[in-house]
Structures are given as structure tokens and as C-alpha cells.
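Single-structure report; data block below.
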Amino acid sequence: QPQSVESAVFVGFIPEYQPPAQITDLIDKEVSTSTIILRWTAPGDNGTIGDINSGKYNLQYSQTDTFVGLTEIIWTTNTIPGNIESKEVAGLNANTTYYFRLKTADSNGNWANWSSVRGAHTLYSVTSEHLSVIYQNATLGGSTTNIYLTVVDTSTASIAIAVSSA
């Protein structure tokens with residue numbers, strides 16, 4: 001005999017549709033001649049609330065702010081809202097501007113909106129062992145002299161600069 005609607009019990013899964021919050025603080029933390037390290041604050045599973053387990057980040061970058069010819073990197077994440085996150089993007093060209101945008105998905109595949117676009121410029125690469133510049137007839141201490149500026153690549157994260165008048 002059929003049951004009335006009042007006595008029926010419905011058991012089911014209620015899907016979760018709320019995506020993580022949009023990332024609003026994407027910045028370039030460190031820059032070299034071939035890498036840019038990006039940093040941002042992790043959103044929550046539902047907006048700004050709840051841990052993200054088995055979620056994803058989607059990072060896109062390009063040499064144009066319209067993302068023509070873009071490169072896309074997708075990776076999984078387990079994170080807590082408010083965590084400071086970072087990603088190193090390597091293999092970039094020296095002395096080049098790149099544009100980045102990032103979004104997050106929760107474990108149900110709900111994607112946040114794209115972050116605002118962040119532009120960052122890789123450093124210029126000195127390709128010779130050293131670079132010398134001579135300023136002729138410069139004024140130094142009230143006297144006219146030649147000034148020699150030498151930049152030496154020390155094959156480390158820093159360079160040596162020497163300035164002399166002889």
C-alpha cells in the first residue's frame with residue numbers, strides 16, 4: 001500500500017555549490033632572471049570559511065595581460081583559510097614582463113573567480129663575465145676626472161659593483 005508524502009522519509013545528498021573566495025592579494029614575492037615566486041592568502045572551502053581538502057589551484061601566466069599564448073599550471077592543495085601560500089614559476093625569460101592570475105577550487109570542483117591580474121618583471125641578465133662603463137670628464141669632488149663603473153657577475157644571488165676614478 002502506498003505511503004503518503006507526510007510519512008515518507010527522503011534521504012539524499014545535498015550538493016555543495018559554494019566556491020572558495022576569490023584571491024585578492026596575489027603578489028610577486030621574489031624575482032630573479034628566470035623565476036618569479038608568487039604569494040597569496042589561502043581562501044576557505046566555502047568563501048572564506050572551512051579548510052580546503054583535495055582542492056586545486058589554477059595559475060595562468062602569459063607575456064600579455066590578455067593571456068594570449070598562456071601557460072597553465074594546476075596543482076592540488078590542502079590548506080587552511082588565511083595560510084600564506086606561494087608558488088615558484090621557473091623557466092622564464094630574463095628582462096621580460098609576465099602577467100599572472102590564480103583561482104582555487106574546492107574538492108567538489110567549485111571554482112572561485114580569477115584573482116586580479118598581477119604583472120611582474122624578471123631581472124635583466126648580464127651575459128658577460130663583467131660589464132664596464134666609463135664616464136669621461138665627470139665631476140668628482142669638484143675635479144674633472146674619468147669614473148669607471150664595473151659590474152661583476154659573481155655567479156651568486158648578488159653582484160659586485162666597483163666605482164673608481166683611476
Side-chain angles (χ1 to χ4, degrees), residues 15-136 138 147-163:
E16 188 265 304
Y17 295 111
Q18 186 175 5
Q22 180 181 31
I23 294 168
T24 59
D25 62 346
L26 181 64
I27 63 166
D28 53 297
K29 179 182 171 194
E30 292 180 36
V31 177
S32 75
T33 56
S34 63
T35 62
I36 295 175
I37 298 176
L38 300 167
R39 188 181 76 190
W40 64 93
T41 305
D45 183 276
N46 297 310
T48 58
I49 300 168
D51 297 353
I52 296 177
N53 296 303
S54 300
K56 293 181 181 178
Y57 281 117
N58 182 336
L59 175 68
Q60 293 182 345
Y61 66 94
S62 176
Q63 293 180 26
T64 68
D65 61 0
T66 57
F67 292 90
V68 172
L70 67 86
T71 300
E72 184 172 59
I73 303 170
I74 298 174
W75 69 100
T76 59
T77 186
N78 295 314
T79 191
I80 298 169
N83 271 2
I84 301 302
E85 304 279 310
S86 65
K87 180 71 172 174
E88 179 177 328
V89 181
L92 304 175
N93 297 323
N95 195 30
T96 303
T97 299
Y98 289 90
Y99 298 90
F100 299 89
R101 64 184 177 188
L102 179 67
K103 66 180 179 178
T104 314
D106 61 21
S107 60
N108 292 314
N110 298 314
W111 285 96
N113 291 328
W114 287 109
S115 67
S116 17
V117 174
R118 175 66 182 182
H121 195 86
T122 52
L123 299 179
Y124 178 78
S125 177
V126 177
T127 56
S128 65
E129 190 171 305
H130 68 276
L131 172 69
S132 296
V133 178
I134 301 172
Y135 294 98
Q136 295 181 340
I147 298 177
Y148 303 91
L149 171 67
T150 303
V151 179
V152 179
D153 181 1
T154 61
S155 298
T156 65
S158 61
I159 59 171
I161 298 176
V163 177

The ring pair (Phe, Tyr, Trp, His ring centres under 6.0 Å) partners of Tyr61 (sequence neighbours excluded) come to Phe100
Of all heavy-atom pairs linking His121 and Val31, the shortest is O-CG1, 3.0 Å
For Ala21 and Ala112 the tightest heavy-atom approach is O-CB, 3.6 Å
Interatomic distance, CD1@Ile27 vs OG@Ser115, rounded to 0.5 Å, equals 12.0 Å
Output for pair (Leu26 CG, Lys87 NZ), nearest 0.5 Å, gives 13.5 Å
All N/O donor-acceptor pairs, side-chain side in residues 64-72, below 3.5 Å, sequence neighbours left out:
| residue | atom | partner | partner atom | Å |
| --- | --- | --- | --- | --- |
| Thr64 | OG1 | Ser62 | OG | 3.3 |
| Thr64 | OG1 | Thr66 | OG1 | 3.3 |
| Thr64 | OG1 | Phe67 | N | 3.3 |
| Thr64 | OG1 | Val68 | N | 3.1 |
| Glu72 | OE2 | Asn58 | ND2 | 3.0 |
| Glu72 | OE2 | Gln60 | NE2 | 2.9 |

Note: Thr79 and Thr77 closest approach over all heavy atoms is CB-OG1, 3.8 Å
*Would you say the side-chain atoms of Tyr99 pair up with the backbone N or O of Ala120, donor to acceptor, closer than 3.5 Å?*
no
Across all chains, not counting sequence neighbours, the side-chain contact (heavy atoms from CB on, under 4.5 Å) partners of Gln22 are Asn113
By side chain to side chain donor-acceptor pair (under 3.5 Å), Thr35 pairs with (sequence neighbours left out) Ser32
Contacts of Ser116 meeting side-chain contact (heavy atoms from CB on, under 4.5 Å) (sequence neighbours excluded), chain-then-number -> none
Is there a side-chain contact between Thr122 and Thr33 in this structure, where contact means two heavy atoms from C-beta onward sitting under 4.5 Å apart?
no
For residues 48-61, the salt bridge (Lys or Arg N to Asp or Glu O under 4.0 Å) pairs (sequence neighbours left out) are none
- prompt: Would you call Gln63 and Thr96 a side-chain contact if the rule is heavy atoms closer than 4.5 Å?
  reply: yes
Interatomic distance, OG1@Thr104 vs CD1@Ile52, rounded to 0.5 Å, equals 5.5 Å
Solution key, residues 36-50 side-chain donor-acceptor pairs under 3.5 Å, sequence neighbours excluded:
| residue | atom | partner | partner atom | Å |
| --- | --- | --- | --- | --- |
| Trp40 | NE1 | Tyr57 | OH | 3.3 |
| Thr41 | OG1 | Asp25 | OD2 | 2.4 |

So salt bridge (Lys or Arg N to Asp or Glu O under 4.0 Å) across residues 102-120, not counting sequence neighbours, yields Asp28-Arg118
